[in-house]
**Student:** 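Below you will find the structure I want to go over with you.
The analysis underlying the following values was restricted to heavy atoms, covering all of them including side chains, and did not include hydrogens, waters or symmetry mates. Lettering follows sequence order; numbering is per chain, from 1.
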Protein chains: 2
Amino acid sequence: MGTAFDQDTEQWRARFRNGCPSRTVLEVLANKWALYVLSALRRADGPMRFNELRRLLGDITQKMLTQTLKNLERDGLVARTVYPTVPPRVEYALTELGVDVGRLTHAVGEWAVTHAPEIIAARARYDGRASQPPVPVTMI
Amino acid sequence: MGTAFDQDTEQWRARFRNGCPSRTVLEVLANKWALYVLSALRRADGPMRFNELRRLLGDITQKMLTQTLKNLERDGLVARTVYPTVPPRVEYALTELGVDVGRLTHAVGEWAVTHAPEIIAARARYDGRASQPPVPVTMI
DNA sequence: CCGTATCCAAAACGATACTG
DNA sequence: CAGTATCGTTTTGGATACGG
């Protein structure tokens, strides 16, 4: 028969078997550009056009911007509005949920500002203090 | 000459050029097993041995557990202690920074519990409500 | 202007076999 | 017990060309 410990363990395990919301949220944010697109839209505090985003982000390719925006739209974080003009005009803006995610990423950023230097230092220690490039730690 | 807007834009861009701490933190958490290993060590609230972790996590391979622990150790989140016995005994525990990351992931989990269902619903809407598998949304 | 489609390289992940 | 080494698959990101 299972002990009380086994039951707790099974409960704990169940959270990882699939559908773990923490994982879902991290999947949204963990790809290369999502954080930056979100930040750009948050900064704009209003709708932005496709090429406006592209110029702001600088070195993102069309493919990756399209893909990132599509994912964010799918996840309900960004709203896409198409104006049927010629040439076409497409605007992107944060949804309510997107604004809320922005608060979450801001919290992560706050934590990062104070603790990422410790992570970077730990890495330098682990890597054997050989030829460490000068890392700017004052950014967000 | 640059306008005030251009200067703000350049400042904003500078945060993405490299060394963005938010990115650093997400890199730590975004891989497949880090969150779960962290959670296991947090739950144990003390040192755990390699195979103890392996059994608890269930379907992780040796390779991925080794790799994940190595990364977490490199990032200063987990402390590895080797006892020179035969057979060898190796213990893993959260560092202070690891405990602190635990608080961060807990915050993400809290947000996820309340909002991941909205993300999942948005995906279902976007995907055209075709054959959605029953998703358990009450987990962490 | 706002995308798609295609191809390619690199990285993450997993299965399996072997070692002090 | 606690790993390392190797190999194959899958996923991710980027470059380029083309279309409504």
**Student:** Nearest whole angstrom, please: distance from the P of C:dA5 to the NZ of A:Lys70.
**Tutor:** 8 Å
**Student:** Between C:dG3 and A:Arg80, is there an OP1 or OP2 to side-chain N/O distance shorter than 4.0 Å?
**Tutor:** yes
**Student:** For the pair made of CD in B:Gln67 and C1' in D:dT6, what is the distance, rounded to whole Å?
**Tutor:** 14 Å
**Student:** Hey, which of these two, A:Met64 or B:Pro87, hits DNA chain D nearer its 5' end, going by closest nucleotide?
**Tutor:** B:Pro87
**Student:** B:Asn71 CG to C:dC13 C1': how many Å, rounded?
**Tutor:** 13 Å
**Student:** Counting neighbours of CD on B:Glu96 that are heavy atoms of other residues, nucleotides or ligands and sit closer than 6.0 Å, is the number greater than 12?
**Tutor:** no
**Student:** Which residue lies toward the 5' end of DNA chain D, A:Pro88 or A:Ala30, if each is placed at its nearest nucleotide?
**Tutor:** A:Ala30
**Student:** Could you state the CG-C1' distance from A:Leu53 to C:dG3, rounded to the nearest angstrom?
**Tutor:** 14 Å
**Student:** Using whole Å, what does the distance between atom C1' of nucleotide D:dC1 and atom NZ of B:Lys63 come to?
**Tutor:** 21 Å
**Student:** Checking contacts here: which listed nucleotide (C:dA15, D:dG14, C:dG3) is nearest the side-chain heavy atoms of B:Thr61?
**Tutor:** C:dA15
**Student:** Is the charged tip of A:Arg89 near the ring of A:Phe50: under 6.0 Å from the six-membered ring centre and within 45° of its axis?
**Tutor:** no
**Student:** Between A:Ile60, A:Leu69, A:Leu38, which is the residue that forms a side-chain contact (heavy atoms from CB on, under 4.5 Å) with A:Trp33?
**Tutor:** A:Ile60
**Student:** Quick one: B:Tyr83 OH to D:dG3 C1', roughly how many Å, whole number?
**Tutor:** 18 Å
**Student:** Ignoring the backbone of A:Thr66, work out which of D:dT4, C:dT4, D:dG13 is nearest its side chain.
**Tutor:** C:dT4
**Student:** Within the pair B:Arg49 and D:dA2, is there a side-chain N or O less than 4.0 Å away from OP1 or OP2?
**Tutor:** yes
**Student:** Would you say the side-chain atoms of B:Arg42 pair up with the backbone N or O of B:Leu94, donor to acceptor, closer than 3.5 Å?
**Tutor:** no
**Student:** Figure out the CG/P separation between B:Leu65 and C:dC13, and round it to whole Å.
**Tutor:** 13 Å
**Student:** Salt bridge or not between B:Glu10 and B:Arg13? Use side-chain N to carboxylate O under 4.0 Å.
**Tutor:** yes
**Student:** B:Tyr92 side chain N/O closer than 4.0 Å to the phosphate oxygens (OP1, OP2) of D:dC1?
**Tutor:** no
**Student:** So, is A:Asn51 near the phosphate of C:dC2, with a side-chain N or O under 4.0 Å from OP1 or OP2?
**Tutor:** yes
**Student:** Calculate the interatomic distance between B:Gln62 atom CD and C:dT19 atom C1'; express it in whole Å.
**Tutor:** 12 Å
